[in-house]
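Single-structure report; data block below.
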Amino acid sequence: MLQRPRGTRDFLPDEMEARRGLEGTFRDRARRWGYREIATPEFEHLELFTLRSGEGIVEEMYTFEDKGGRKMALRPEITASVLRMYVNEARVIPKPLRWFYFADCFRYERPQKGRYRQFWQFGVELIGADGPRADAEVILLAHDLLAASGAQFEIRVGHLAPVSSVLRDLDPADRKRVMAFLDKHDVQGLGAFLGERGRGDLADRLQALRGIRDLSELWEITGEIPEKARIQEMVSLLDAEGIHYSLDFGIARGLDYYTGMVFEGFGENLGAENQILWGGAYRLAHLFGGDDVASVGFAIGFDRVMVSLGERPVQPGLRVAVLATDDGRARAFAVARAFRDAGVTAFLDLSERGISAQLSHAAKSAEFAVILGKREVEAGTVTLKDLRTGEQREVPLSGAVDGVVRSDAR
RNA sequence: GCCGGGGUGGGGUAGCUGGUUAUCCUAGGGGACUGUGGAUCCCCCGACCCGGGUUCGAAUCUCGGCCCCGGCCCCA
C-alpha cells in the first residue's frame, strides 16, 4: 500500500475541526490586538533562508531546482519570508506593522513526538517598533494566545544584554561557543570550556544569570549596562499585567540576529520536544536589502499545542438527515434547502432503503431526521424526529426548521 | 545521521518452537423485518509493510530496506 510521506499526517474531520477551532481562537485573539493576517509563498529562493540562518541548514530543508534551474526551498520558517515581504512591498506603510500568520513549514528532520516534517506555526511580527513596550506587547500577546488555547504552559523571558556584558572580553569565536553551551543548558561543557580558556570565573556568573528571581540580583552580576532601563521597564509592564512568567537571563538563542529581549514557552504532555513558543527582538530586514528596522516577534508551534491539549471531544453542530420513501423523494432537496437557508447542516439519505434502515443510519450521523413519505406529501407536512430523544411530530416545513433552530439556541 | 522498541483486514487482536480455509472483537457495505432508529438473523467486504535468502513449504527463521513510536543530534 502507498504510504504517506514520512513525518506527515492526514487529518480526519474530527481532528481537523479541533485544529480549525484552535486556529480560530488564535486569529480572533491576535485581531483584537490589532494584528492582521498575511501570507507568503510556500516555497522561496533557497538563498532567503541561508542568508538568515547560514548554509548549515540546507541539509535540513526540502530543496529543489525548478525547471529554470533556480535553487528553491520549501519554507522551513516564516519570519524570513515576512521580512523579505516587508522589504519588497511594505516599507512605505506607516509603522509599526502588526502582522500575524498561520502557515505550514517543512523541515527534513527525524520525526519525534511533536516534531513533524510538515508542521504549522502561528506567529506574529511587530515591525518598526523598538522599546520596552514593544517587547512587552509581544510577550503579552503570546501569553494571551496560549492562555486562550486552554493549554498549560510556562513562559520564560530574558534578554541577551546581560550575557553579552559578562562575555564582553571574550573574542567572538569563543562567545559563540559559550552561547551554544548556554543554549543547550550544558553546564559541564560550559565550565570545562571556560576553564580551558582560564576564565572559570565567568562560568559562575553565567550560571547565576539563570537562577535570577528579580532584577536587583541581575544588576549585581552585570553592573550598570545600557539596557538596564529598558529591561526594567519591560519587566514592570509585564508585572503590571499580572501574567505568570519567569525570568531567565541564560536564554541564548542560537542565532545572531536576536538583538535584545528573548523569550520562550514550554508545554505539558510533550516529550523531549516540549518547547511551544520561540520569540524575541531582532533585526533582519537589512539582510534582504532593506533598512535596519527593529522588530519583535514570536512563533507558536501549533501542532505541539494540539498535542499538549490532547484528545478533546468534538461537538458537531446540529445536523438534519432528510429521509424519504419513494413518494417523498422528489421533495427531499427542497426540504434540505430550507434547513440550509436557515443555517443548519442538512443532507439527504441517498439510498433507496426503507425508512427503518434510513433511520438506523441517520442515528449515527445526525441529531434530527426529517421524514418525507406518502402521508407527509399528501398533507403538505414533514415529520421531524429528534434522534436524541425519540420525540417526533408532524408539522409544516417551516415549523420543522424553526424547531431545529430553536433547539440549537438553547 | 545515531540508539532502542515495534509493523497481521479501517481500528484493536490470536497465531509467530515453519505446514491451519490466518482467529476473534469492532467498524464498514448489502439484505430480511413490507413507514420509526443503534436490536436480531443472514450475507459480503477486507490483512500477514516491501524485497532477497534458507526450505518441499515462510506471517512464523534470516538479511536488507521502508514506515511508526520513544530518545540522541539538531532545532531557524
Side-chain angles (χ1 to χ4, degrees), chain A residues 1-10 12 44 46 48-61 73-83 105-117 119 121 123 180 183-186 252-258 262 264 266 270-280 282 284 287 297-299 301 304 307 321 323-329 349-378 382-394:
Chain A
M1 187 167 35
L2 214 50
Q3 288 172 314
R4 78 176 104 83
R6 187 170 196 204
T8 63
R9 291 155 295 157
D10 296 315
L12 288 166
E44 295 265 13
L46 174 60
L48 176 69
F49 304 112
T50 54
L51 272 176
R52 178 184 182 191
S53 308
E55 293 290 334
I57 63 164
V58 171
E59 61 189 52
E60 288 168 35
M61 278 194 277
L74 296 184
R75 59 188 178 196
E77 50 129 350
I78 308 295
T79 299
S81 295
V82 173
L83 271 290
C105 304
F106 302 85
R107 293 184 191 176
Y108 192 88
E109 296 182 297
R110 176 78 169 74
Q112 274 173 239
K113 185 171 190 180
R115 171 186 273 188
Y116 309 98
R117 289 184 170 183
F119 60 96
Q121 288 193 333
D183 198 24
K184 276 187 251 188
H185 299 164
D186 182 352
R253 308 302 302 284
L255 294 180
D256 303 334
Y257 58 80
Y258 282 103
V262 285
E264 46 193 33
F266 300 87
L270 292 155
E273 300 290 339
N274 66 339
Q275 190 163 355
I276 57 173
L277 171 69
W278 301 257
Y282 62 89
L284 207 49
L287 288 177
F298 67 79
R304 291 187 188 170
V307 171
L323 317 182
T325 64
D326 291 343
D327 300 304
R329 211 155 278 141
D349 187 309
L350 300 175
S351 75
E352 299 187 356
R353 296 173 291 195
I355 287 295
S356 175
Q358 292 186 46
L359 271 168
S360 167
H361 193 261
K364 297 174 201 163
S365 54
E367 285 66 44
F368 285 92
V370 167
I371 300 167
L372 303 172
K374 192 175 180 186
R375 268 208 320 268
E376 289 83 359
V377 169
E378 286 170 356
V382 303
T383 294
L384 176 68
K385 184 176 182 71
D386 187 327
L387 293 166
R388 300 164 301 186
T389 63
E391 291 167 31
Q392 73 173 54
R393 57 210 162 94
E394 193 175 328

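Source: prediction; values computed, not measured. Quick note on labels: first sequence line is chain A, next is B, and so on, each numbered from 1.
- In this structure, B/C61 and B/G53 make a Watson-Crick or G-U wobble pair, each of the two defining distances being under 3.5 angstrom.
- If you check every strand for non-hydrogen atoms under 4.0 Å, A/Lys364 touches a base.
- Nearest nucleotide to the A/Arg107 side chain, out of B/C75, B/C72, B/U36: B/C75.
- Taking only side-chain atoms of A/Ile57, from C-beta outward, the nucleotide of B/C68, B/G35, B/A76 with the closest atom is B/A76.
- Base pairing analysis places B/G38 opposite nothing; no Watson-Crick or G-U wobble pair with both distances below 3.5 Å involves it.
- Between the side chains of A/Thr383 and A/Glu376, at least one donor N or O sits under 3.5 Å from an acceptor N or O.
- Remark: the A/Gln112 side chain and the B/C73 base include a donor-acceptor N/O pair separated by less than 3.5 Å.
- For the C1' atom pair drawn from B/G6 and B/C25, the interatomic distance equals 23 Å after rounding to whole Å.
- Between B/G19 and B/U26, the two P atoms lie 28 Å apart (nearest whole Å).
- Each of A/Arg353 and A/Arg110 lies near RNA chain B, and the nucleotide nearest A/Arg353 is the one positioned closer to the 5' end.
- Counting distance only, with no hydrogens placed and no angle test, the side-chain atoms of A/Arg115 and the base atoms of B/C74 include a donor-acceptor pair under 3.5 Å.
- Listed nucleotides B/G35, B/C75, B/G38 differ in distance to A/Glu273; the shortest reach to its side chain belongs to B/C75.
- Remark: the A/Gln358 side chain and the B/U36 base include no donor-acceptor N/O pair separated by less than 3.5 Å.
- With C1' as the reference atom, B/U60 and B/U8 are 11 Å apart, rounded to whole Å.
- Among the nucleotides B/G35, B/C74, B/G37, the one closest to any side-chain atom of A/Glu376 is B/G35.
- Of the two residues near RNA chain B, A/Ser365 and A/Gly354, the one whose nearest nucleotide lies more 5' is A/Gly354.
- Distances shown here put every side-chain N or O of A/Lys184 at or beyond 4.0 Å from the OP1 or OP2 atom of B/C75.
- If you measure from atom CD of A/Gln121 to atom P of B/C75, you get 15 Å, rounded to the nearest angstrom.
- Base pairing analysis places B/C67 opposite B/G6; the two distances defining the Watson-Crick or G-U wobble pair are each below 3.5 Å.
- Closest to the A/Met61 side chain, of the nucleotides B/U36, B/C72, B/A76, is B/A76.
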